[in-house]
Amino acid sequence: MKATAVSLLALFETKMQLEVPLFQRQYIWQREKHWEPLWEDIARKFTDYLDGRKDAPVHFLGAMVLDLKQTPATHVGKRQVIDGQQRLTTFQIFLSAFRDFCNEHGCEDMAKECAGFTLNKGMMVDVEVDKFKVWPTQLDRAQFADVVGAGSRVEVLNRHPLRKRPHARNFDPRPRMVEAYFFFYDQFDEFFIGTKTESPLAGEVPLSQRVEECFQALKSALQVVEIDLEHGDDAQVIFETLNARGEPLLPADLLRNFIFLRAARRGEPQEALYKQFWARFDDPFWRVEVKQGRLFRPRSDLFLQHFLASRLTADIPVKHLFVEYKFWIERSQPFDSVREELACLARQGDDFRRIMAPAKDDPLYSLVTFLDTYDVRTSYPLLLTMLDMGMDEAQWASVSTMLESYLLRRAVCGLTTKNYNRVFLGLTRTLRREGATPENLAKQLIQQSGDSAEWPSDETFGEAWRTKYAYQVLNNPKIVHILKQLSDTYLTGKSETVTVESALTVEHILPQQWQEKWLLADGSKGLTTDALWAASKDDARAEASRKRNQALQTFGNLTILTQGLNSSVSNSQWSLKKPELLKHSLLPINQILHDVAVWDEAAIAQRSDDLLARALKIWPRDIK
């Protein structure tokens, strides 16, 4: 057999049909496991090209095993797909969606160019079959022909409209290839056109130029390994070998081999370097797996990923880590020796260990604990940069307040976390250029704009604080963090510090099931959710119930307890609930409720304003 690295598009460049044998399985790829990771790989190369980073290493999308099919000479050559049919089929669906997207948005020349990679042209014996570059198994052919041959998103939708059975909550599933087509089309729409709140990358450049750049990425930066079987090759043996399940090497293992091989070639003492710098990475700490996105990764992989991202100020997916690191070392030559390289890795490895498992007296402790609670690990390249460039304890205190304020305000306002990766890499790039100081960080954060990056003002933060349903934008640990910080502000010099070791729970002071025992202002019972749906617009009791439902989900009505109340106590009227609530918690945020005689919408609004005033001091925006 012969293996060759070829461009993704080179597979479909000639007048050829890649035929999937009838005995192979149907198309089984799905969104989370397959389409999303594939799109992430391709979108990353699109981003590289739009950012001018065309010298980045190519990315391999997998291997295809092809065999010649013994057929009479025809106008269209035939190859049999021995392995890789799921990927090949998906590429054709991807290209069809790209073609139709270009057509719909006025990029007809690019659409025509792309069409040459989805359909054969010229003379054919059976046009309805031979025109397709890939021909799947029999059961998949109808949906494949609809997707690749329809010619537009509208036509695909006409052939496969969304349908819902009577009384069903969800739409009926459509054929998997159809769903793949709409998935990729939607990704193109978001990437090139943007959303209501987000502009597209390089949006100032005409769309036709951007799709052309990305098409060049498909031609040059994305490759596959084409394995051509020759006479005498056993297709089944090769298929089984390629699909065998071995224990994969971690990126850290590959990098270690790469680094120490170079040390040997340079005549640097491998054993001494290992003992001094690398042995620490063989500690079990580094093999512990941590969740990152959809997958779990060893800490060693995450460290190297964030380390390289902090140096290149670019997004580095774990699966590309070895290739990107090798490319950086060989092209940029950032170190004079392997010793210098290993010393840097060891120093930053110690820094990363502080981030992952800080001691309670570490200046980083409060910040990294917050980042873990709020699941913002995309900030780690920035933290590694600041640790590497050196800051004293006072500077770290300022930076911690600043980053927590920025992220917490955005969380309370319900703003997106989608582009935090680009935000923090941009901050890292600026601090490397201008210096890692709190002043430079504050300047950059203040300048951020748009829903994906802005630092909400006091007014915006205050409006969200008073009106947004807390649980719509935050989960339980995040709300607990906020209320615990607020509780500490009620401590005075004469107060005893309350140490809480057990987990805290969030309690609605006005209970969520309030209608039975918490009467409205006129003495009537509130309306249930079902009754509110049926109520008329001018029903005063319905209006009062809606206002109460709005108030009970805001911060003014939330508190934390060291021990949860049972449901009967929790739903009791205020005269019975208050003493139980105070008994179950010595936290200062609850003890101030002692003198509150009535708990209603006015009390909630007053407490909300009091908590907000304290929140603005804990998480300020005008940090000096």
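Counting only heavy atoms from C-beta outward, the side chains of F91 and V134 never approach each other to under 4.5 Å. Side-chain contact check for R409 versus W455: some heavy-atom pair is nearer than 4.5 Å. For the pair L207 and M110, the minimum side-chain heavy-atom distance is 4.5 Å or more. Contact of the H105 side chain with the D189 side chain is registered, since non-hydrogen atoms from C-beta on lie closer than 4.5 Å. For the pair F188 and F94, the minimum side-chain heavy-atom distance is below 4.5 Å. Contact annotation: the side chain of T378 approaches that of V376 to within less than 4.5 Å [non-hydrogen atoms, C-beta and beyond]. The closest side-chain heavy-atom distance from Q17 to K131 is not below 4.5 Å. Side chains of L474 and Y374 form a contact here, defined as non-hydrogen atoms less than 4.5 Å apart.
Within the model, atoms CG of L441 and OG1 of T430 stand 9.5 Å from one another, a figure rounded to the nearest 0.5 Å. In this structure, CG in D67 is found 5.0 Å from CD1 in I82, a value given to the nearest 0.5 Å. To the nearest 0.5 Å, atom CD of residue Q187 and atom CZ of residue F101 are 11.5 Å apart. Atom OG of residue S96 and atom CE of residue M177 lie 11.0 Å apart, to the nearest 0.5 angstrom. Atom CG of D109 and atom SG of C114 lie 13.0 Å apart (nearest 0.5 Å). Interatomic distance, CG of D146 versus CZ of R174, reported as 12.0 Å (0.5 Å rounding).
Ionic pairing of K291 and D372 is not present here: no N-O contact between side-chain nitrogen and carboxylate oxygen is shorter than 4.0 angstrom. Here K112 does not pair with E108 in a salt bridge; the nearest charged N to carboxylate O distance is not below 4.0 Å. A salt bridge between K478 and D375 is absent, with no side-chain N of the basic residue lying under 4.0 Å from a carboxylate O of the acidic one.
Judged purely by atom type and a 3.5 angstrom limit, K133 uses its side chain to pair as donor or acceptor with the backbone of F12. R410 places a side-chain N or O within donor-acceptor distance of the main-chain N or O of T416, the cut-off being under 3.5 Å. In this structure, R210 contributes its side chain and F192 its backbone to a donor-acceptor pair below 3.5 Å. Distance alone, capped at 3.5 Å, is enough to place a donor-acceptor pair between the S7 side chain and the K219 backbone. Proximity of a side-chain donor or acceptor of K54 to a complementary backbone N or O of A217 within less than 3.5 Å is not detected. Looking at Q348, its side chain does come within 3.5 Å of a backbone N or O of L384 through a donor-acceptor pair. Remark: side-chain polar atoms of Q86 are paired, donor with acceptor, to backbone N or O of Q26 under 3.5 angstrom.
In R432, the CZ atom is crowded: over 12 heavy atoms of neighbouring residues, nucleotides or ligands sit closer than 6.0 Å. Counting heavy-atom neighbours within 6.0 Å of R163 CZ, excluding the residue itself, gives a total of 12 or less. The environment of K121 atom NZ is sparse: at most 12 non-hydrogen atoms of other residues, nucleotides or ligands sit within 6.0 angstrom.
Looking at every heavy atom in both residues, A453 comes nearest to Y406 through O-OH, 2.6 Å. Closest approach of L11 to L18, counting heavy atoms only: O-CD1, 4.2 Å. In terms of heavy atoms, Q85 sits closest to V20 at CB-CG2, 3.7 Å. Looking at every heavy atom in both residues, A411 comes nearest to V473 through O-CB, 3.6 Å. Of all heavy-atom pairs between M64 and R87, the closest is CE-CD, 3.2 Å. Across every non-hydrogen atom of L383 and L371, the tightest pair is CD1-CD1, 3.7 Å.
Between the side chains of E213 and Q209, no donor-acceptor pair of N or O atoms lies under 3.5 Å. With hydrogens and angles left out, the side-chain atoms of R99 and T118 include a donor and acceptor closer than 3.5 Å.
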Just distance, no hydrogens or angles: give the donor-acceptor pairs under 3.5 Å from side chains in residues 296-310, sequence neighbours left out.
from	atom 1	to	atom 2	distance (Å)
R299	NH1	F285	O	3.3
Q305	OE1	Q292	NE2	2.7
Q305	NE2	I316	O	2.9
S310	OG	F307	O	2.6

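A cation-pi arrangement is present between R153 and Y185, with the terminal nitrogen or guanidinium carbon under 6.0 Å from the aromatic centre and inside a 45° cone about the axis.
Not counting sequence neighbours, the partners of F132 by the ring-ring contact (aromatic ring centres under 6.0 Å, His included) test are W135, F144. Residues passing the salt bridge (charged side-chain N to carboxylate O under 4.0 Å, His left out) test with K15: none are found, sequence neighbours excluded. Taking the salt bridge (charged side-chain N to carboxylate O under 4.0 Å, His left out) definition, one finds that R53 meets it with D48, E324, sequence neighbours left out. Under the salt bridge (charged side-chain N to carboxylate O under 4.0 Å, His left out) criterion, E13 pairs with no residue, sequence neighbours left out. The side chain to side chain contact (heavy atoms under 4.5 Å, CB included) check on V323 picks up P57, with sequence neighbours excluded.
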Task: Audit row: D140, R176, side chain to side chain contact (heavy atoms under 4.5 Å, CB included) steps and yes/no - done: CA-CA 9 Å; D140 284 335; R176 204 164 286 200; over 6 Å; no
Task: side chain to side chain contact (heavy atoms under 4.5 Å, CB included) between V129 and V76, intermediate numbers included - done: CA-CA 10 Å; V129 173; V76 179; over 6 Å; no
Open item on the list: Before you tell me yes or no, could you show the steps for Q444 and Q448 under side-chain hydrogen bond (donor to acceptor under 3.5 Å, both in side chains), namely the whole-Å CA-CA distance, both residues' side-chain angles and the distance that decides it to 0.1 Å?
Closed with: CA-CA 7 Å; Q444 291 303 311; Q448 300 296 318; 4.8 Å; no
TODO: Please lay out, stage by stage, how F281 and R256 fare under the test side chain to side chain contact (heavy atoms under 4.5 Å, CB included).
DONE: CA-CA 10 Å; F281 293 115; R256 176 182 57 197; over 6 Å; no
Task: Verdict with supporting geometry, L222 and V58, side chain to side chain contact (heavy atoms under 4.5 Å, CB included) - done: CA-CA 6 Å; L222 293 160; V58 300; over 6 Å; no
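The aromatic rings of F98 and F215 sit parallel, their planes meeting at an angle under 30°, below the 60° perpendicular limit. By the 30° and 60° cut-offs, the orientation of the rings of F184 relative to W35 is tilted.
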